[in-house]
Each structure stands twice: as C-alpha cells, then as structure tokens.
Amino acid sequence: NDVIEFSHNYTFIEGVDTITDGIWILNKITINGNGYTIDAKNKAAIFLLNVANVEFNDIRFINAVSVYGGAAIYANGNANNLYINNCSFINNSVTKNGGAIYIYSSNMGSIINSRFINNSATGSGGAIYNYAWTGVNTDLIDKCLFINNSASQASALYHLYLGTLKNSVFLNNSGADIISGYGNYVGALRANNNWFGNTFDDKSDRPNVSSYLDINWLYMDITFHESYAVVCLNKLNNGKVYDDYNLPTLTLKINSSTLN
C-alpha cells in the first residue's frame with residue numbers, strides 16, 4: 001500500500017517520453033497530487049489499472065488521449081474499489097468509451113468532489129463510462145461537476161448497473177447527460193439532489209437523461225429585493241415539487257445596485 005506524493009507538475013515531452021498507451025498500475029497505491037497537474041499534451045493516455053483499491057487525490061488530469069477508453073484512467077479486470085477525490089479531468093478524449101474514465105470491473109468504488117470539463121468520447125460516456133458488472137449499491141458519484149462533455153450517447157455519464165449519483169451538477173453537456181439501466185438492471189442508478197440547470201421557470205422539465213433513470217432533481221428560484229437576492233434550491237421528482245423539502249436558502253447582498 002505505497003503512497004506517492006506529487007511535488008511538481010508532470011508534462012508529456014514528445015521525443016523523450018516513449019509510453020503513449022498509459023502507465024500501468026499493478027499494485028495497490030495511493031497517489032496524492034497535492035494540486036499538481038498531469039498534462040499528456042494530447043499525445044498519450046495516463047494511467048491503466050488492473051488492481052483493486054487504487055486511490056487518486058487532488059490531481060489535475062488534462063489533455064490525455066486514447067484510441068481505447070479512459071484517456072486519464074482506464075480501470076479493467078481486477079481494478080475494483082477505485083477511489084477518486086478532489087480531482088479535475090479536463091480536455092481528455094477517446095475514440096471509444098469513457099473520455100476521462102473507463103471502468104470495466106466488478107464494482108466501481110467512489111468518485112467524489114471532482115470536476116469533469118470538456119471531455120469527449122466518440123462512443124458512450126463523454127466523461128465517465130462505468131460498466132461495473134456486479135452492480136453493487138456502494139458505487140458512488142457525489143459532489144461532482146460535469147460541464148461541456150460530449151459523446152454519441154451519455155455525454156457526461158454512462159452507468160450500467162446499481163449505484164448512487166447525488167449532489168452533482170450537469171451543465172451544457174451535449175445530448176443526454178446520463179444513460180443508465182440495461183436488462184434486469186433498468187432504473188438501478190439512483191440519482192438524487194442533482195442540478196441540471198433547471199430554474200423556477202422550467203423546474204418541471206425533466207433533465208435530459210435516459211427514461212430508465214430513477215431520478216429527482218433540483219431547481220433554482222431567485223427572488224430579487226432592493227438590496228439583496230434570495231437564492232433557493234428545491235427538489236422535484238418527475239415534475240412533482242416536494243413542498244416539505246427545501247435546501248438551505250442563500251441570501252446575496254447587492255453592492256452599488258449591481259449583482260454579479
């Protein structure tokens with residue numbers, strides 16, 4: 001159970017770095033990025049996993065490419081219980097599935113407090129493709145941000161079996177944000193308290209996700225006053241307002257009559 005601590009950025013150097021398919025991780029390890037960046041310069045993939053209980057913390061994965069899947073992280077076979085915390089995945093792309101992350105193992109693990117921006121796949125899952133075949137309920141995506149991701153289907157997230165998606169934001173992804181469910185596992189992903197850009201005027205518009213998804217979502221209501229604005233998030237399920245469920249209200253003070 002080794003631990004690696006980053007102390008600087010890592011950048012792919014053409015003509016010097018010869019590994020373009022990604023660096024294999026074959027032993028249990030924790031990598032603490034400490035805010036540093038791995039920049040593949042649109043020349044290489046980054047990590048390939050075939051072992052359980054690998055942990056990534058506080059790393060920026062940018063400009064990775066792959067002709068397979070998961071330009072930043074490709075987790076296959078024995079790569080169960082992956083843990084990703086406070087990481088950013090930006091401008092990663094693949095010609096198959098999972099622009100940033102591809103998972104094909106018995107269970108995914110947890111992805112929390114992370115950001116997925118401008119990732120793309122010609123197949124499914126512009127940001128994440130998760131094919132965890134045992135479909136355990138412990139698979140979790142929590143407090144993540146998905147912006148401007150694209151794919152031929154499931155522009156942000158392709159999630160096949162059981163799991164929970166909560167407290168996350170989906171904005172400006174092309175096409176359906178999420179596709180989930182297949183065969184006996186239809187509707188198995190629980191999507192709770194996520195925001196898809198819904199406001200008070202369009203609060204009942206179902207987010208652009210697959211019809212199989214078991215989903216409720218948040219909408220934003222802003223009330224302007226002379227010197228302040230009140231921002232409130234509320235929850236809906238297929239257009240029904242939960243009148244007894246209000247998230248904490250945020251009050252914004254306005255200076256010089258301008259709200260930015």
Side-chain angles (χ1 to χ4, degrees), residues 4 6 9-12 20-23 25 30-49 54-76 79 82-105 108-132 139-152 154-159 163 165-175 177-179 194:
I4 294 176
F6 282 12
N9 297 322
Y10 294 86
T11 302
F12 183 90
T20 59
D21 291 337
I23 299 171
I25 296 177
T30 296
I31 302 178
N32 296 321
N34 298 313
Y36 290 105
T37 297
I38 302 175
D39 185 353
K41 290 293 182 180
N42 296 310
K43 299 294 182 181
I46 298 178
F47 288 122
L48 305 168
L49 279 61
V54 174
E55 182 173 334
F56 298 99
N57 296 301
D58 200 17
I59 305 171
R60 296 178 73 244
F61 299 85
I62 69 172
N63 301 324
V65 295
S66 174
V67 297
Y68 303 107
I73 298 174
Y74 182 96
N76 193 27
L82 176 65
Y83 181 80
I84 297 171
N85 177 48
N86 194 31
C87 290
S88 295
F89 298 83
I90 304 171
N91 297 330
N92 303 292
S93 63
V94 299
T95 55
K96 291 188 177 180
N97 302 318
I101 299 173
Y102 176 96
I103 298 168
Y104 187 84
S105 63
M108 180 188 74
S110 299
I111 303 173
I112 60 176
N113 299 319
S114 294
R115 297 150 294 282
F116 297 84
I117 303 170
N118 296 332
N119 301 288
S120 64
T122 58
S124 301
I128 301 172
Y129 180 94
N130 179 32
Y131 195 119
D139 284 357
L140 173 67
I141 299 174
D142 186 15
K143 299 182 183 69
C144 290
L145 180 66
F146 297 84
I147 299 178
N148 294 333
N149 300 288
S150 63
S152 60
S155 59
L157 170 64
Y158 183 94
H159 186 104
L165 164 70
K166 63 180 182 178
N167 306 320
S168 295
V169 173
F170 295 81
L171 292 174
N172 299 325
N173 300 295
S174 67
D177 288 290
I178 307 166
I179 290 179
N194 302 290

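Numbers here are sequence positions counted from 1.
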remark   = Minimal heavy-atom distance between Ser105 and Ala79, with the atoms involved, is OG-O, 3.2 Å
request  = Applying side chain to side chain contact (heavy atoms under 4.5 Å, CB included) between Tyr83 and each of Ile112, Leu140, Ile111, report the one that passes.
outcome  = Ile112
request  = Using side-chain contact (heavy atoms from CB on, under 4.5 Å) as the criterion, list what pairs up with Ala154, not counting sequence neighbours.
outcome  = Tyr158, Ile179
inquiry  = To the nearest 0.5 Å, what is the distance between CD1 on Ile128 and CD1 on Ile103?
reply    = 7.0 Å
inquiry  = Applying side-chain contact (heavy atoms from CB on, under 4.5 Å), can you list everything that pairs with Tyr74, at least two apart in sequence or on another chain?
reply    = Leu48, Asn76, Tyr102
query = What residues, two or more places apart in sequence or in another chain, satisfy ring pair (Phe, Tyr, Trp, His ring centres under 6.0 Å) together with Tyr10?
reply = Phe6, His8
request  = Identify, with sequence neighbours excluded, every residue that meets side chain to side chain donor-acceptor pair (under 3.5 Å) alongside Ser150.
outcome  = none
query = Has the side chain of Asp58 got a donor or acceptor atom that lies under 3.5 Å from a matching backbone atom of Asn32?
reply = no
note = Shortest non-hydrogen pair, Gly123 vs Ser152, comes out as O-OG, 2.6 Å
ask   = Which heavy atom in Ala151 sits nearest to a heavy atom in Ser174, and how many Å separate them?
value = N-OG, 3.9 Å
note = side chain to side chain donor-acceptor pair (under 3.5 Å) filter on Asn113, not counting sequence neighbours, yields Asn85
note = To the nearest 0.5 Å, atom CD1 of Ile147 lies from atom CD1 of Ile117 at 5.0 Å
request  = Under the side chain to side chain donor-acceptor pair (under 3.5 Å) rule, collect the residues that match up with Ser114, sequence neighbours excluded.
outcome  = none
inquiry  = If you apply the rule side chain to side chain contact (heavy atoms under 4.5 Å, CB included), what do you find for Ile31 with Phe47, and how did you get there?
reply    = CA-CA 12 Å; Ile31 302 178; Phe47 288 122; 4.1 Å; yes
Pairs touching residues 87-102 that satisfy salt bridge (charged side-chain N to carboxylate O under 4.0 Å, His left out), sequence neighbours left out = none
message = Nearest 0.5 Å, please: how far is CG in Leu82 from CD1 in Ile84?
response = 4.0 Å
Spacing of CG belonging to Asn57 relative to CD1 belonging to Ile4, to within rounding of 0.5 Å = 12.5 Å
Throw together a table of side-chain donor-acceptor distances under 3.5 angstrom for residues 59-73, partners on residues two or more places apart or in other chains.
unit_1 : atom_1 : unit_2 : atom_2 : d
Arg60  : NH1    : Thr37  : OG1    : 2.7
Asn63  : ND2    : Asp39  : OD1    : 3.0
Ser66  : OG     : Tyr68  : N      : 2.9

Contacts table for residues 166-173: side-chain donor-acceptor under 3.5 angstrom, sequence neighbours left out:
unit_1 : atom_1 : unit_2 : atom_2 : d
Asn167 : ND2    : Asp142 : OD1    : 3.0
Ser168 : OG     : Lys143 : N      : 3.4
Ser168 : OG     : Cys144 : N      : 3.0
Ser168 : OG     : Cys144 : O      : 3.4
Ser168 : OG     : Lys166 : O      : 3.0
Asn173 : OD1    : Asn148 : N      : 3.3
Asn173 : OD1    : Asn149 : N      : 2.8
Asn173 : OD1    : Asn149 : ND2    : 3.1
Asn173 : ND2    : Phe146 : O      : 3.2
Asn173 : ND2    : Asp177 : OD1    : 2.9

request  = I would like to know whether Lys41 and Thr11 meet side chain to side chain contact (heavy atoms under 4.5 Å, CB included); could you show each step before the answer?
outcome  = CA-CA 7 Å; Lys41 290 293 182 180; Thr11 302; 3.4 Å; yes
remark   = Rounded to the nearest 0.5 Å, the CZ atom of Phe116 sits from the CG atom of Leu145 at a distance of 9.5 Å
message = side chain to side chain contact (heavy atoms under 4.5 Å, CB included), that's the test. Do Asn86 and Arg115 meet it? Break it down for me.
response = CA-CA 8 Å; Asn86 194 31; Arg115 297 150 294 282; 3.1 Å; yes
